[in-house]
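This report refers to the structure that appears directly beneath it.
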Amino acid sequence: MDCFKREAYEEGYVSGACQLLGAITVDHHDNPNFDPNGKYPIVGYQVFYRMDIEKIYPFEAGYEASRRTFIDHHDVADYYPKWHELYQAVMDEALKVK
């Protein structure tokens, strides 16, 4: 969880309470489009957290992000054209958790 909190700060300059939602294994052994010379491993893991933002710091763009945008959860699919049903399932689960 500390890694997620650090990433949230580095990318969005925010902090808050976090809760683990779950994780999935991403296995590309049967993926004909997998690039073995690419930046991703043949087997990887994605971990999902929910953060209730408690503090918003001044955005300095000192790490990987060049800007910060807050998006209402109702508008995410419009903002990201490649929004996937798996992302929506994770979002739906995150919205249930308190």
Side-chain angles (χ1 to χ4, degrees):
M1 189 167 313
D2 290 340
C3 292
F4 174 76
K5 287 182 175 185
R6 184 186 69 246
E7 285 296 314
Y9 181 78
E10 289 178 358
E11 303 280 337
Y13 290 87
V14 297
S15 63
C18 298
Q19 185 170 354
L20 175 65
L21 296 175
I24 61 170
T25 301
V26 181
D27 187 334
H28 293 284
H29 279 97
D30 295 326
N31 180 354
N33 298 317
F34 178 74
D35 179 1
N37 298 314
K39 63 180 180 178
Y40 298 109
I42 195 155
V43 176
Y45 305 92
Q46 290 183 342
V47 183
F48 301 97
Y49 291 92
R50 171 198 167 108
M51 175 183 271
D52 292 315
I53 296 173
E54 297 168 345
K55 183 155 181 156
I56 300 172
Y57 301 90
F59 187 78
E60 298 177 11
Y63 298 97
E64 297 172 21
S66 60
R67 65 188 173 102
R68 169 176 63 196
T69 304
F70 291 101
I71 305 164
D72 185 280
H73 67 90
H74 294 105
D75 300 328
V76 172
D78 295 330
Y79 191 82
Y80 290 103
K82 293 184 180 181
W83 190 249
H84 188 276
E85 62 189 38
L86 175 61
Y87 307 153
Q88 187 62 50
V90 172
M91 176 75 76
D92 292 344
E93 191 62 30
L95 292 169
K96 290 181 199 175
V97 176
K98 272 292 178 182

Rounded to the nearest 0.5 Å, what separates atom [atom1] in [X] from atom [atom2] in [Y]?
X	Y	atom1	atom2	value
H74	L95	NE2	CG	8.0 Å
Y79	T69	OH	OG1	4.0 Å
K5	S15	NZ	OG	8.5 Å
K55	Y9	NZ	OH	9.5 Å
F34	D27	CZ	CG	9.5 Å
Q46	L86	CD	CG	7.0 Å

At their closest point, which heavy atom of [X] faces which heavy atom of [Y], and how far apart are they?
X	Y	result
W83	Q88	NE1-OE1, 2.7 Å
Y57	R68	O-NH1, 3.0 Å
S66	A61	O-CB, 4.0 Å
E54	G16	OE1-CA, 3.6 Å
M1	Y49	N-OH, 3.4 Å

Mark yes when over 12 heavy atoms from residues, nucleotides or ligands other than Y87 sit less than 6.0 Å from its OH; otherwise mark no.
->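 Not more than 12 within 6.0 Å, no.
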If you count the non-hydrogen atoms of other residues, nucleotides and ligands that lie under 6.0 Å from CG in D92, is the total more than 12?
->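 Atom CG in D92 is crowded, with more than 12 foreign heavy atoms closer than 6.0 Å.
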V47 reachable from F4 in the ILVMFWY side-chain graph, under 4.5 Å edges = yes
State, with a plain yes or no, whether a side-chain heavy atom of [X] is found less than 4.5 Å away from one of [Y].
X	Y	result
Y63	E11	no
V26	V43	no
V76	M91	yes
D78	I71	no

Partner set under salt bridge (Lys or Arg N to Asp or Glu O under 4.0 Å) for E7, not counting sequence neighbours = none
Under the side chain to side chain contact (heavy atoms under 4.5 Å, CB included) rule, collect the residues that match up with L21, sequence neighbours excluded.
->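 Result, side chain to side chain contact (heavy atoms under 4.5 Å, CB included) vs L21: F48, R50, V90, A94, V97.
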Contacts of type side chain to side chain contact (heavy atoms under 4.5 Å, CB included), residue I53, not counting sequence neighbours | V14, M51, I56, F70
